[in-house]
Amino acid sequence: MQAFPVNLNDAASLTRRHANMKSFVPLSAVPLLTVLILVPAGLAADSTVARKLYVANTAGDTLSVVDLDRQEVVGEIPIGKHPHGLALSPDQRRLYCSVESAQAIIFLDASTDQIVASVPTTGVPNQLAATPDGHWVYVAINDKGTADIIDVRQKKVAKTLDIGSRPQNCYCPPGARHMYVTSIGDRLVRQFDFAHDHVLKQTVRFDGTVRPLCVTRDEKWLFVALEGLHGFAWADLTSGKQIGRMEQPLPPPEKRSKFAYMNTHGLELRPGDRELWVSSFIGNGLMVYDITGEAPRYVTTVSVGDAPNWLTFSPDGKHAYSANAGANSITIVNCETRTALKEIKVGPVPKRLLEVHPPRL
């Protein structure tokens, strides 16, 4: 290996790595601004990978890269210890990753898998989301009770907003006019107008501890996972009020995950906003709900790997992907047939994951 001086704020090439290479120097082991780092001559830019799945390995220091056409891991990107959240620019050119140990947001070129910038945050960053106009990234700062707003063009924190106790998740559906940020401790979701100086528009309160969330594209319905609930709660964003809860029975004790620390964690709307999929973290499955009627209706549960604590969809809605934290794997699911197609091993304790179609080089 060869040593290269690197400045993370303007580096065009920080990490390259062969798909089968396992050793690396994590970003958390070096200062953020100007560093001397050993970079393996590794993961070469591969413009033939048309559909990637990036997986944050939260107990490690890499992102696993899955080639979805080959359905196999083709690389591990050293990103820093405890990567937490992932977000994507609207043009799919940039992947944003929050790294707890570095207290920074890492900008990744999705075509080359090279790190191109690092933006320090004001505290420990959790989940993040990009605005549809591509100008802003919001990130929950868990230890400060705030959310940082990053100006993507200037690559710096432009503003910090008060959220409440233990902010964790940010969410913004495609085409939306608002960003949504959760507070675990205060059991709420705050709605911000990012086009008008990030002003607070409303606060939605729930009758339980709020974890992940998702919002329909028309910004009418807000769904959240609650601690202690094997299901979800939902609110009407027109009124700003919680409407109800939906709960499924727990599986028998012998079929419960030994890893899971909550009943439910991840949830997401299948593209088209006709179905809500909710992870049965404790039950090793993805619960499917029809949301086209006056109230959500349970449809079925798709079995996946141990302790699925996050999920995402392909942009066309044909496939779902679960991150199985107890099995160090992801599962690819056919959404039409409601069947698991393949389980693929990734890094330690995977959580957030995103399908990306990077521009061709």
Side-chain angles (χ1 to χ4, degrees), residues 15 27 49 51-66 68 73 75-119 121 124-132 134 136-142 147-148 150 152 167-174 179-182 211-214 265-269 279 308-315 319-325 330 344 346-358:
T15 55
L27 291 181
V49 180
R51 299 189 306 127
K52 299 178 181 181
L53 186 73
Y54 291 93
V55 185
N57 301 309
T58 62
D61 48 14
T62 67
L63 303 181
S64 294
V65 183
V66 178
L68 289 171
V73 174
E76 299 286 340
I77 303 172
I79 201 77
K81 194 172 181 180
H82 302 312
H84 190 113
L86 294 175
L88 184 65
S89 65
D91 61 8
Q92 304 210 30
R93 294 181 180 277
R94 291 286 182 268
L95 185 77
Y96 308 110
C97 178
S98 57
V99 180
E100 292 185 351
S101 62
Q103 295 193 14
I105 306 304
I106 305 301
F107 288 36
L108 189 78
D109 185 310
S111 295
T112 64
D113 289 340
Q114 295 175 7
I115 294 172
V116 295
S118 175
V119 177
T121 54
V124 177
N126 280 189
Q127 178 65 341
L128 67 170
T131 57
W136 313 101
V137 169
Y138 280 58
V139 55
I141 305 300
N142 188 260
D148 284 348
I150 293 173
V152 171
Q168 188 181 37
N169 290 286
C170 299
Y171 191 92
C172 187
M179 179 68 71
Y180 300 83
V181 187
T182 67
R211 303 298 294 221
L213 77 160
C214 59
H265 195 253
L267 76 172
E268 184 58 285
L269 290 152
S279 72
N309 68 348
W310 205 260
L311 74 149
T312 192
F313 288 95
S314 59
H319 296 98
Y321 311 101
S322 69
N324 310 315
I330 64 102
I344 302 170
V346 290
V349 191
K351 189 175 289 186
R352 274 75 177 186
L353 67 176
L354 278 177
E355 178 174 335
V356 178
H357 299 178

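These numbers come from a predicted model, not from an experiment.
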Next on the checklist: Can you give me the closest heavy-atom contact between C172 and P132, atom names plus distance?
Outcome noted: SG-CD, 3.5 Å
Checklist entry - Roughly how far, to the nearest 0.5 Å, is the CD1 atom of I344 from the CD1 atom of I330? => result 4.0 Å
Checklist entry - Within the side chain of S98, is there an N or O that forms a donor-acceptor pair under 3.5 Å with the backbone of N126? => result yes
Checklist entry - Which heavy atom in G80 sits nearest to a heavy atom in S101, and how many Å separate them? => result C-OG, 4.1 Å
Next on the checklist: For the CD atom of E76 and the CG atom of D61, what is their distance to the nearest 0.5 Å?
Outcome noted: 9.5 Å
Checklist entry - A147: what forms a side chain to side chain contact (heavy atoms under 4.5 Å, CB included) with it, not counting sequence neighbours? => result I163, V181
Item to check | Donor-acceptor under 3.5 Å (H82 side chain, T58 main chain) | outcome: yes
Checklist entry - Can you name the nearest heavy-atom pair linking A140 to C170, along with the distance? => result N-SG, 3.5 Å
Item to check | Residue pair K52 / V66, side-chain heavy-atom distance below 4.5 Å | outcome: no
Checklist entry - Does a salt bridge link D109 with R93, judged by any charged N lying under 4.0 Å from a carboxylate O? => result no
Next on the checklist: Assess the residue pair Y54 and V65 against the criterion (side-chain contact (heavy atoms from CB on, under 4.5 Å)); give the C-alpha distance rounded to whole Å, side-chain angles, the decisive distance to 0.1 Å, and a yes or no.
Outcome noted: CA-CA 5 Å; Y54 291 93; V65 183; 4.0 Å; yes
Checklist entry - Taking it one step at a time, do H84 and E100 satisfy side chain to side chain donor-acceptor pair (under 3.5 Å)? => result CA-CA 7 Å; H84 190 113; E100 292 185 351; 2.7 Å; yes
Checklist entry - Looking at N324 and P308, what are the two nearest heavy atoms and their distance? => result OD1-CB, 3.7 Å
Item to check | Gap separating the CG atom of L88 from the CG atom of L95, nearest 0.5 angstrom | outcome: 6.5 Å
Checklist entry - CG/L86 to CG/L108 distance, rounded to the nearest 0.5 angstrom? => result 9.5 Å
Next on the checklist: Quick check: do V116 and R94 have side-chain heavy atoms less than 4.5 Å from each other?
Outcome noted: yes
Checklist entry - For E355 and F313, what are the C-alpha separation, side-chain angles and deciding distance, and is it a side-chain contact (heavy atoms from CB on, under 4.5 Å)? => result CA-CA 7 Å; E355 178 174 335; F313 288 95; over 6 Å; no
Checklist outcome for this item: One should read off an interatomic distance between L269 CG and C214 SG, to the nearest 0.5 angstrom, of 4.0 Å
Item to check | Side-chain heavy-atom pair I105, P125 within 4.5 angstrom cut-off | outcome: yes
Next on the checklist: Using side-chain heavy atoms (C-beta onward) and a distance below 4.5 Å, is T131 in contact with Y138?
Outcome noted: yes
Checklist entry - Just wondering, do L128 and D148 contact through their side chains at under 4.5 Å, heavy atoms? => result no
Checklist entry - Of the non-hydrogen atoms in A104 and S118, which two are nearest, and what is the gap between them? => result CB-OG, 3.6 Å
Next on the checklist: With side-chain contact (heavy atoms from CB on, under 4.5 Å) as the criterion, how do S64 and N57 come out once you've worked through the C-alpha distance, each side chain's angles and the decisive distance to 0.1 Å?
Outcome noted: CA-CA 7 Å; S64 294; N57 301 309; 3.0 Å; yes
Next on the checklist: If you compare all heavy atoms of S279 against all heavy atoms of L311, which two are closest, and at what distance to 0.1 Å?
Outcome noted: N-CD2, 4.2 Å
Checklist entry - What residue among P350, P212, S322 forms side-chain contact (heavy atoms from CB on, under 4.5 Å) with W310? => result P212
Item to check | side chain to side chain donor-acceptor pair (under 3.5 Å) between N309 and R211, intermediate numbers included | outcome: CA-CA 11 Å; N309 68 348; R211 303 298 294 221; over 6 Å; no
Checklist outcome for this item: Those residues at least two apart in sequence (or on a different chain) that pass side chain to side chain contact (heavy atoms under 4.5 Å, CB included) with V152 are Y96, F107, V137
Item to check | Derivation of the side-chain contact (heavy atoms from CB on, under 4.5 Å) call for L63 and D113 | outcome: CA-CA 10 Å; L63 303 181; D113 289 340; over 6 Å; no
Checklist outcome for this item: The reported gap from OG1 in T182 to CG in N169 (rounded to nearest 0.5 angstrom) is 4.5 Å
Item to check | Residues Y321, E268; criterion side chain to side chain donor-acceptor pair (under 3.5 Å); working and verdict | outcome: CA-CA 11 Å; Y321 311 101; E268 184 58 285; over 6 Å; no
